Protein chains: 2
Amino acid sequence: MSKNLKEMDVLRQHLAKHQLKLTRQRELILTAFLRQEHVTAETMYHQLAKKDPHLGLATIYRTLNLFCEAGIAQARHFGTQTQYDNISHKGHHDHLICTGCGTIVEFENCEIERLQEEVATKNGFVIQTHRLELYGLCPRCRH
Amino acid sequence: MSKNLKEMDVLRQHLAKHQLKLTRQRELILTAFLRQEHVTAETMYHQLAKKDPHLGLATIYRTLNLFCEAGIAQARHFGTQTQYDNISHKGHHDHLICTGCGTIVEFENCEIERLQEEVATKNGFVIQTHRLELYGLCPRCRH
DNA sequence: TTGAAATTGATAAGCCCTCTCAACATGATA
DNA sequence: TATCATGTTGAGAGGGCTTATCAATTTCAA
(Lines give C-alpha, C1' and ligand atoms only; values in the text may rest on other atoms or scores of the structure.)
Protein backbone atom coordinates (compact mmCIF):
# COMPACT_ATOMS: atom_id res chain seq x y z
CA MET A 1 0.00 0.00 0.00
CA SER A 2 2.61 2.52 1.04
CA LYS A 3 4.58 1.52 -2.02
CA ASN A 4 1.68 2.29 -4.27
CA LEU A 5 1.39 5.65 -2.62
CA LYS A 6 5.02 6.26 -3.34
CA GLU A 7 4.59 5.53 -7.03
CA MET A 8 1.46 7.60 -7.09
CA ASP A 9 3.49 10.50 -5.73
CA VAL A 10 6.13 10.08 -8.39
CA LEU A 11 3.38 10.26 -10.95
CA ARG A 12 1.75 13.24 -9.29
CA GLN A 13 5.01 15.15 -9.27
CA HIS A 14 5.65 14.36 -12.90
CA LEU A 15 2.15 15.50 -13.82
CA ALA A 16 2.50 18.72 -11.84
CA LYS A 17 5.82 19.52 -13.45
CA HIS A 18 4.40 19.15 -16.93
CA GLN A 19 0.96 20.69 -16.50
CA LEU A 20 -0.73 17.35 -16.85
CA LYS A 21 -3.72 16.09 -14.94
CA LEU A 22 -4.41 13.17 -12.71
CA THR A 23 -7.36 11.34 -14.15
CA ARG A 24 -9.45 8.42 -13.01
CA GLN A 25 -7.98 6.36 -15.87
CA ARG A 26 -4.40 7.14 -14.94
CA GLU A 27 -4.98 6.10 -11.35
CA LEU A 28 -6.72 2.95 -12.44
CA ILE A 29 -3.97 1.98 -14.85
CA LEU A 30 -1.19 2.77 -12.40
CA THR A 31 -2.75 0.65 -9.68
CA ALA A 32 -3.12 -2.30 -12.01
CA PHE A 33 0.33 -1.76 -13.47
CA LEU A 34 2.04 -1.81 -10.08
CA ARG A 35 0.60 -5.19 -9.30
CA GLN A 36 2.57 -6.74 -12.11
CA GLU A 37 6.10 -7.20 -13.27
CA HIS A 38 5.65 -6.74 -17.01
CA VAL A 39 2.59 -5.99 -19.02
CA THR A 40 1.56 -5.47 -22.56
CA ALA A 41 -0.89 -2.74 -23.48
CA GLU A 42 -3.13 -5.41 -24.90
CA THR A 43 -2.97 -7.43 -21.68
CA MET A 44 -3.98 -4.49 -19.56
CA TYR A 45 -6.74 -3.71 -21.99
CA HIS A 46 -8.33 -7.07 -21.28
CA GLN A 47 -7.57 -7.02 -17.59
CA LEU A 48 -9.16 -3.64 -17.11
CA ALA A 49 -12.14 -4.28 -19.35
CA LYS A 50 -13.97 -5.63 -16.31
CA LYS A 51 -13.37 -2.58 -14.17
CA ASP A 52 -14.01 -0.10 -16.94
CA PRO A 53 -15.46 -1.50 -20.18
CA HIS A 54 -15.02 1.81 -21.93
CA LEU A 55 -11.34 2.24 -21.23
CA GLY A 56 -9.70 2.63 -24.62
CA LEU A 57 -6.60 0.88 -25.85
CA ALA A 58 -5.12 4.20 -26.97
CA THR A 59 -5.44 5.52 -23.44
CA ILE A 60 -3.52 2.55 -22.12
CA TYR A 61 -0.72 3.07 -24.61
CA ARG A 62 -0.64 6.76 -23.82
CA THR A 63 -0.60 6.14 -20.12
CA LEU A 64 2.07 3.47 -20.19
CA ASN A 65 4.26 5.77 -22.25
CA LEU A 66 3.57 8.47 -19.71
CA PHE A 67 4.79 6.13 -16.98
CA CYS A 68 7.99 5.65 -18.93
CA GLU A 69 8.53 9.39 -19.06
CA ALA A 70 7.82 9.61 -15.34
CA GLY A 71 10.40 6.92 -14.67
CA ILE A 72 7.92 4.41 -13.33
CA ALA A 73 7.95 2.06 -16.29
CA GLN A 74 10.36 1.00 -18.96
CA ALA A 75 9.43 -0.06 -22.47
CA ARG A 76 11.03 -3.11 -23.97
CA HIS A 77 10.48 -4.55 -27.43
CA PHE A 78 9.84 -8.25 -27.33
CA GLY A 79 9.06 -9.94 -30.61
CA THR A 80 6.56 -7.69 -32.29
CA GLN A 81 5.13 -6.27 -29.11
CA THR A 82 6.20 -3.75 -26.51
CA GLN A 83 6.46 -4.89 -22.93
CA TYR A 84 6.20 -2.32 -20.19
CA ASP A 85 8.25 -3.23 -17.14
CA ASN A 86 7.64 -2.06 -13.63
CA ILE A 87 11.07 -0.74 -12.72
CA SER A 88 10.29 1.36 -9.70
CA HIS A 89 8.46 -1.08 -7.52
CA LYS A 90 11.50 -3.23 -7.04
CA GLY A 91 15.13 -3.01 -8.03
CA HIS A 92 16.26 -3.16 -11.59
CA HIS A 93 16.45 -6.62 -13.00
CA ASP A 94 17.39 -8.25 -16.25
CA HIS A 95 15.70 -10.99 -18.21
CA LEU A 96 16.20 -14.51 -19.39
CA ILE A 97 13.73 -15.02 -22.19
CA CYS A 98 12.79 -18.39 -23.63
CA THR A 99 12.56 -18.26 -27.40
CA GLY A 100 10.52 -21.44 -27.31
CA CYS A 101 7.61 -20.61 -25.03
CA GLY A 102 8.15 -16.97 -24.15
CA THR A 103 8.70 -17.58 -20.46
CA ILE A 104 10.54 -14.73 -18.78
CA VAL A 105 12.81 -15.30 -15.80
CA GLU A 106 14.19 -12.31 -13.95
CA PHE A 107 17.61 -12.07 -12.45
CA GLU A 108 19.95 -9.61 -10.88
CA ASN A 109 23.70 -9.77 -11.01
CA CYS A 110 25.73 -7.10 -9.27
CA GLU A 111 28.93 -8.23 -10.86
CA ILE A 112 27.54 -7.67 -14.35
CA GLU A 113 26.27 -4.26 -13.30
CA ARG A 114 29.69 -3.37 -11.99
CA LEU A 115 31.35 -4.38 -15.26
CA GLN A 116 28.83 -2.30 -17.15
CA GLU A 117 29.82 0.74 -15.14
CA GLU A 118 33.41 -0.03 -15.92
CA VAL A 119 32.79 -0.18 -19.65
CA ALA A 120 30.80 3.05 -19.51
CA THR A 121 33.47 4.89 -17.58
CA LYS A 122 36.14 3.68 -19.96
CA ASN A 123 34.16 5.28 -22.79
CA GLY A 124 33.41 8.46 -20.92
CA PHE A 125 29.72 7.64 -20.56
CA VAL A 126 27.51 8.10 -17.53
CA ILE A 127 24.91 5.34 -17.44
CA GLN A 128 21.32 6.29 -16.81
CA THR A 129 19.75 2.92 -17.39
CA HIS A 130 20.43 -0.32 -19.16
CA ARG A 131 18.81 -3.34 -20.66
CA LEU A 132 20.14 -6.86 -20.68
CA GLU A 133 18.23 -9.70 -22.22
CA LEU A 134 19.45 -13.24 -22.64
CA TYR A 135 17.56 -15.24 -25.24
CA GLY A 136 17.62 -18.99 -25.23
CA LEU A 137 15.75 -22.15 -24.38
CA CYS A 138 14.34 -22.82 -20.95
CA PRO A 139 14.73 -26.25 -19.33
CA ARG A 140 11.35 -27.40 -20.60
CA CYS A 141 11.90 -26.33 -24.19
CA ARG A 142 15.32 -27.88 -24.53
CA HIS A 143 14.18 -31.02 -26.34
CA MET B 1 37.25 -13.28 -49.45
CA SER B 2 37.82 -16.57 -47.71
CA LYS B 3 35.52 -15.36 -44.99
CA ASN B 4 32.73 -14.78 -47.44
CA LEU B 5 33.24 -18.28 -48.71
CA LYS B 6 32.94 -19.55 -45.19
CA GLU B 7 29.61 -17.81 -44.67
CA MET B 8 28.43 -19.01 -48.02
CA ASP B 9 29.17 -22.53 -46.89
CA VAL B 10 27.21 -22.07 -43.71
CA LEU B 11 24.30 -20.93 -45.81
CA ARG B 12 24.71 -23.78 -48.27
CA GLN B 13 24.67 -26.32 -45.49
CA HIS B 14 21.59 -24.80 -43.94
CA LEU B 15 19.82 -24.81 -47.28
CA ALA B 16 20.76 -28.42 -47.95
CA LYS B 17 19.54 -29.52 -44.55
CA HIS B 18 16.14 -27.94 -45.10
CA GLN B 19 15.55 -28.70 -48.75
CA LEU B 20 15.95 -25.09 -49.70
CA LYS B 21 17.63 -23.71 -52.77
CA LEU B 22 20.52 -21.41 -53.43
CA THR B 23 19.27 -18.64 -55.63
CA ARG B 24 20.89 -15.71 -57.34
CA GLN B 25 19.06 -13.37 -54.95
CA ARG B 26 20.27 -15.17 -51.85
CA GLU B 27 23.86 -15.01 -53.01
CA LEU B 28 23.52 -11.36 -53.88
CA ILE B 29 21.98 -10.46 -50.54
CA LEU B 30 24.48 -12.49 -48.54
CA THR B 31 27.43 -10.86 -50.25
CA ALA B 32 26.08 -7.39 -49.56
CA PHE B 33 25.09 -8.32 -46.02
CA LEU B 34 28.55 -9.56 -45.11
CA ARG B 35 30.09 -6.26 -46.04
CA GLN B 36 28.23 -4.50 -43.23
CA GLU B 37 27.87 -4.52 -39.50
CA HIS B 38 24.14 -3.91 -39.20
CA VAL B 39 21.54 -3.40 -41.85
CA THR B 40 17.88 -2.74 -42.17
CA ALA B 41 15.81 -4.49 -44.82
CA GLU B 42 14.92 -1.08 -46.19
CA THR B 43 18.59 -0.10 -46.38
CA MET B 44 19.52 -3.19 -48.34
CA TYR B 45 16.58 -2.64 -50.61
CA HIS B 46 18.00 0.69 -51.68
CA GLN B 47 21.59 -0.50 -51.79
CA LEU B 48 20.75 -3.41 -54.03
CA ALA B 49 18.38 -1.52 -56.27
CA LYS B 50 21.34 -0.63 -58.46
CA LYS B 51 22.52 -4.19 -58.88
CA ASP B 52 19.07 -5.64 -59.34
CA PRO B 53 16.25 -3.15 -59.80
CA HIS B 54 13.64 -5.89 -59.59
CA LEU B 55 14.75 -7.34 -56.28
CA GLY B 56 11.70 -7.20 -54.03
CA LEU B 57 11.58 -5.95 -50.47
CA ALA B 58 9.76 -9.09 -49.41
CA THR B 59 12.61 -11.19 -50.71
CA ILE B 60 15.06 -9.20 -48.63
CA TYR B 61 13.01 -9.70 -45.50
CA ARG B 62 12.64 -13.39 -46.23
CA THR B 63 16.31 -13.78 -46.90
CA LEU B 64 17.47 -11.88 -43.83
CA ASN B 65 15.18 -14.01 -41.70
CA LEU B 66 16.64 -17.04 -43.40
CA PHE B 67 20.12 -15.85 -42.42
CA CYS B 68 18.93 -15.63 -38.82
CA GLU B 69 17.77 -19.22 -38.93
CA ALA B 70 21.07 -20.23 -40.46
CA GLY B 71 22.94 -18.48 -37.66
CA ILE B 72 24.56 -15.91 -39.90
CA ALA B 73 22.51 -12.93 -38.81
CA GLN B 74 20.73 -11.78 -35.70
CA ALA B 75 17.60 -9.67 -35.60
CA ARG B 76 17.42 -6.84 -33.16
CA HIS B 77 14.54 -4.47 -32.61
CA PHE B 78 15.79 -0.95 -32.48
CA GLY B 79 13.17 1.77 -32.33
CA THR B 80 10.41 0.74 -34.68
CA GLN B 81 12.64 -1.11 -37.09
CA THR B 82 14.43 -4.42 -37.11
CA GLN B 83 18.18 -4.35 -37.45
CA TYR B 84 19.90 -7.42 -38.79
CA ASP B 85 23.35 -7.80 -37.32
CA ASN B 86 26.20 -9.66 -38.89
CA ILE B 87 27.20 -11.92 -36.03
CA SER B 88 29.37 -14.40 -37.84
CA HIS B 89 31.79 -12.09 -39.55
CA LYS B 90 33.12 -10.73 -36.28
CA GLY B 91 32.41 -11.27 -32.61
CA HIS B 92 29.23 -10.23 -30.93
CA HIS B 93 29.21 -6.72 -29.58
CA ASP B 94 27.00 -4.69 -27.32
CA HIS B 95 26.03 -1.04 -27.38
CA LEU B 96 26.52 2.13 -25.41
CA ILE B 97 23.78 4.50 -26.52
CA CYS B 98 23.78 8.21 -25.79
CA THR B 99 20.32 9.41 -24.79
CA GLY B 100 21.39 12.93 -25.63
CA CYS B 101 22.57 12.72 -29.22
CA GLY B 102 21.89 9.12 -30.20
CA THR B 103 25.52 8.20 -30.71
CA ILE B 104 26.14 4.47 -30.57
CA VAL B 105 29.43 3.06 -29.36
CA GLU B 106 30.08 -0.65 -29.70
CA PHE B 107 31.97 -2.67 -27.17
CA GLU B 108 32.82 -6.22 -26.29
CA ASN B 109 33.42 -7.58 -22.84
CA CYS B 110 34.24 -11.24 -22.41
CA GLU B 111 33.86 -11.09 -18.66
CA ILE B 112 30.26 -9.93 -18.96
CA GLU B 113 29.58 -12.66 -21.50
CA ARG B 114 31.00 -15.24 -19.15
CA LEU B 115 28.78 -14.05 -16.31
CA GLN B 116 25.78 -14.20 -18.59
CA GLU B 117 26.50 -17.84 -19.32
CA GLU B 118 26.77 -18.42 -15.61
CA VAL B 119 23.38 -16.88 -14.93
CA ALA B 120 21.80 -18.86 -17.75
CA THR B 121 23.24 -22.14 -16.58
CA LYS B 122 22.09 -21.48 -13.05
CA ASN B 123 18.55 -21.15 -14.40
CA GLY B 124 18.77 -24.14 -16.69
CA PHE B 125 18.76 -22.03 -19.84
CA VAL B 126 20.88 -22.47 -22.93
CA ILE B 127 21.65 -19.06 -24.39
CA GLN B 128 21.19 -18.59 -28.10
CA THR B 129 21.80 -14.90 -28.22
CA HIS B 130 21.68 -11.82 -26.06
CA ARG B 131 21.32 -8.12 -26.10
CA LEU B 132 22.95 -5.59 -23.84
CA GLU B 133 22.38 -1.90 -24.19
CA LEU B 134 23.68 0.75 -21.83
CA TYR B 135 21.85 4.06 -22.04
CA GLY B 136 23.45 7.22 -20.78
CA LEU B 137 25.20 10.42 -21.71
CA CYS B 138 28.30 10.49 -23.87
CA PRO B 139 31.25 12.73 -22.97
CA ARG B 140 30.01 15.53 -25.20
CA CYS B 141 26.45 15.54 -23.86
CA ARG B 142 27.38 15.56 -20.20
CA HIS B 143 26.81 19.24 -19.58
C1' DT C 1 16.48 -32.41 -70.22
C1' DT C 2 12.65 -32.86 -67.36
C1' DG C 3 9.52 -31.84 -63.75
C1' DA C 4 8.46 -31.57 -58.80
C1' DA C 5 9.23 -28.34 -55.51
C1' DA C 6 11.06 -24.09 -53.85
C1' DT C 7 11.44 -19.07 -54.80
C1' DT C 8 10.42 -14.68 -56.47
C1' DG C 9 8.13 -10.08 -57.11
C1' DA C 10 4.21 -7.23 -56.58
C1' DT C 11 0.97 -6.08 -53.72
C1' DA C 12 -2.55 -6.98 -50.43
C1' DA C 13 -3.11 -7.88 -45.76
C1' DG C 14 -1.86 -7.74 -40.85
C1' DC C 15 -0.12 -6.15 -36.72
C1' DC C 16 1.01 -2.88 -33.36
C1' DC C 17 0.98 1.56 -32.19
C1' DT C 18 -0.08 6.59 -32.70
C1' DC C 19 -2.89 10.35 -34.41
C1' DT C 20 -7.28 12.81 -34.86
C1' DC C 21 -11.05 15.14 -32.99
C1' DA C 22 -15.40 15.95 -30.78
C1' DA C 23 -17.11 15.18 -26.16
C1' DC C 24 -15.73 15.24 -21.50
C1' DA C 25 -13.01 15.83 -17.07
C1' DT C 26 -9.82 18.31 -14.26
C1' DG C 27 -8.27 21.79 -11.28
C1' DA C 28 -6.74 26.72 -10.90
C1' DT C 29 -9.12 30.75 -10.15
C1' DA C 30 -12.53 33.86 -8.61
C1' DT D 1 -18.68 26.36 -5.14
C1' DA D 2 -19.12 27.79 -10.03
C1' DT D 3 -16.49 28.94 -13.95
C1' DC D 4 -13.76 27.79 -17.78
C1' DA D 5 -9.19 27.25 -20.09
C1' DT D 6 -6.74 23.40 -20.86
C1' DG D 7 -5.64 18.67 -20.71
C1' DT D 8 -7.71 13.93 -21.54
C1' DT D 9 -10.47 10.40 -23.31
C1' DG D 10 -12.58 6.92 -26.56
C1' DA D 11 -13.32 5.23 -31.06
C1' DG D 12 -11.74 4.63 -35.08
C1' DA D 13 -8.83 6.11 -38.88
C1' DG D 14 -4.10 6.27 -40.25
C1' DG D 15 0.72 4.81 -40.65
C1' DG D 16 5.06 2.22 -40.52
C1' DC D 17 7.08 -2.09 -40.72
C1' DT D 18 6.76 -6.88 -41.77
C1' DT D 19 4.52 -11.04 -43.56
C1' DA D 20 1.13 -13.62 -46.50
C1' DT D 21 -0.69 -14.59 -51.06
C1' DC D 22 -0.22 -16.40 -55.58
C1' DA D 23 0.89 -16.81 -60.40
C1' DA D 24 5.14 -16.91 -62.91
C1' DT D 25 9.79 -18.31 -62.68
C1' DT D 26 13.96 -20.73 -61.19
C1' DT D 27 16.46 -24.47 -59.10
C1' DC D 28 18.32 -29.03 -58.91
C1' DA D 29 17.89 -34.11 -58.42
C1' DA D 30 17.01 -37.79 -61.37
Side-chain angles (χ1 to χ4, degrees), chain A residues 8-9 11-30 32-33 38-70 73-85 102, chain B residues 8 11-30 32-33 38-70 73-85:
Chain A
M8 193 60 79
D9 269 353
L11 179 60
R12 248 188 263 270
Q13 281 179 26
H14 179 85
L15 295 175
K17 196 194 295 185
H18 296 81
Q19 278 108 43
L20 305 177
K21 292 170 180 176
L22 182 60
T23 63
R24 184 178 57 74
Q25 289 88 337
R26 286 175 176 167
E27 283 190 284
L28 178 65
I29 295 171
L30 179 57
F33 176 71
H38 345 264
V39 292
T40 261
E42 194 71 26
T43 305
M44 293 208 84
Y45 183 59
H46 289 114
Q47 287 175 354
L48 295 174
K50 295 162 191 166
K51 296 204 173 183
D52 181 352
H54 294 295
L55 185 60
L57 186 54
T59 299
I60 295 179
Y61 274 108
R62 280 187 293 234
T63 305
L64 289 173
N65 287 334
L66 173 69
F67 292 171
C68 289
E69 281 155 26
Q74 183 179 319
R76 186 165 47 88
H77 299 280
F78 181 55
T80 65
Q81 287 192 121
T82 301
Q83 289 263 357
Y84 291 86
D85 295 0
Chain B
M8 193 61 79
L11 178 60
R12 248 188 262 271
Q13 281 180 26
H14 179 84
L15 295 175
K17 197 193 296 184
H18 296 82
Q19 279 107 42
L20 304 177
K21 293 169 180 174
L22 182 60
T23 63
R24 186 178 56 75
Q25 288 89 338
R26 285 175 178 169
E27 283 190 284
L28 178 65
I29 295 171
L30 179 57
F33 176 71
H38 343 265
V39 294
T40 261
E42 194 72 25
T43 305
M44 294 208 84
Y45 183 59
H46 289 113
Q47 288 175 356
L48 295 174
K50 295 162 192 167
K51 296 205 172 180
D52 181 352
H54 294 295
L55 184 61
L57 186 55
T59 299
I60 295 180
Y61 273 107
R62 280 186 294 233
T63 305
L64 289 173
N65 287 334
L66 172 69
F67 292 171
C68 289
E69 281 155 26
Q74 181 179 318
R76 184 166 49 88
H77 299 280
F78 186 58
T80 65
Q81 287 192 121
T82 301
Q83 289 264 357
Y84 292 86
D85 295 0

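The sequence lines fix the lettering, A, B, ..., with proteins before strands; numbering per chain opens at 1. In this text, all values refer to a predicted model and were calculated from it rather than measured experimentally.
- Between L55(B) atom CG and dT8(C) atom C1' there is a gap of 9 Å when expressed in whole angstrom units.
- Comparing dA11(D), dC16(C), dC17(C) by their nearest atom to the side chain of T80(A) picks out dC16(C).
- Separating the CG atom of L20(B) from the P atom of dC28(D) is a distance of 11 Å, rounded to the nearest angstrom.
- At least one side-chain nitrogen or oxygen of T82(B) sits closer than 4.0 Å to the OP1 or OP2 atom of dT18(D).
- Nearest-nucleotide positions on DNA chain C place T40(A) closer to the 5' end than the other of R24(A) and T40(A).
- Contact annotation: the side chain of H18(A) never approaches that of E69(A) to less than 4.5 Å [non-hydrogen atoms, C-beta and beyond].
- Between L66(B) and H14(B), the closest side-chain pair of non-hydrogen atoms falls below 4.5 Å.
- For L30(A) and dT8(D), the CG to P distance is 15 Å, given to the nearest whole Å.
- To the nearest angstrom, P of dA10(C) lies 7 Å from OH of Y45(B).
- Put simply, CD on Q25(A) is 12 Å from C1' on dG7(D), counting in whole angstrom units.
- For T59(A), a side-chain nitrogen or oxygen approaches OP1 or OP2 of dG10(D) to under 4.0 Å.
- A donor-acceptor contact shorter than 3.5 Å is absent between the side chain of T40(A) and the backbone of T43(A).
- Rounded to whole Å, the distance from CG on L57(B) to C1' on dG16(D) is 12 Å.
- Here dT26(C) is the nucleotide among dT8(C), dT9(D), dT26(C) with the atom lying nearest to any side-chain atom of K21(A).
- For dG7(D), the OP1/OP2 oxygens have no side-chain nitrogen or oxygen of H18(A) closer than 4.0 Å.
- Between dA5(D) and Q19(A), no contact under 4.0 Å exists linking OP1 or OP2 to a side-chain N or O.
- The shortest side-chain heavy-atom distance between T63(B) and F33(B) does not fall under the 4.5 Å cut-off.
- Among dT8(C), dT19(D), dG27(C), the nucleotide with an atom closest to any side-chain atom of T23(B) is dT8(C).
- One interatomic measurement links the two molecules: CG of L11(B) to C1' of dT7(C), which rounds to 14 Å at whole-angstrom precision.
- Across the protein-nucleic acid pair, L28(A) atom CG and dA25(C) atom P stand 15 Å apart, rounded to whole Å.
- At least one side-chain nitrogen or oxygen of N65(A) sits closer than 4.0 Å to the OP1 or OP2 atom of dT18(C).
- L48(A) CG to I60(A) CD1: the interatomic distance, rounded to the nearest 0.5 Å, is 5.5 Å.
- If you check dG10(D), dA10(C), dC17(C) against the side chain of R62(A), the one that comes closest is dG10(D).
- Note on R26(A): a side-chain N or O is less than 4.0 Å away from OP1 or OP2 of dT9(D).
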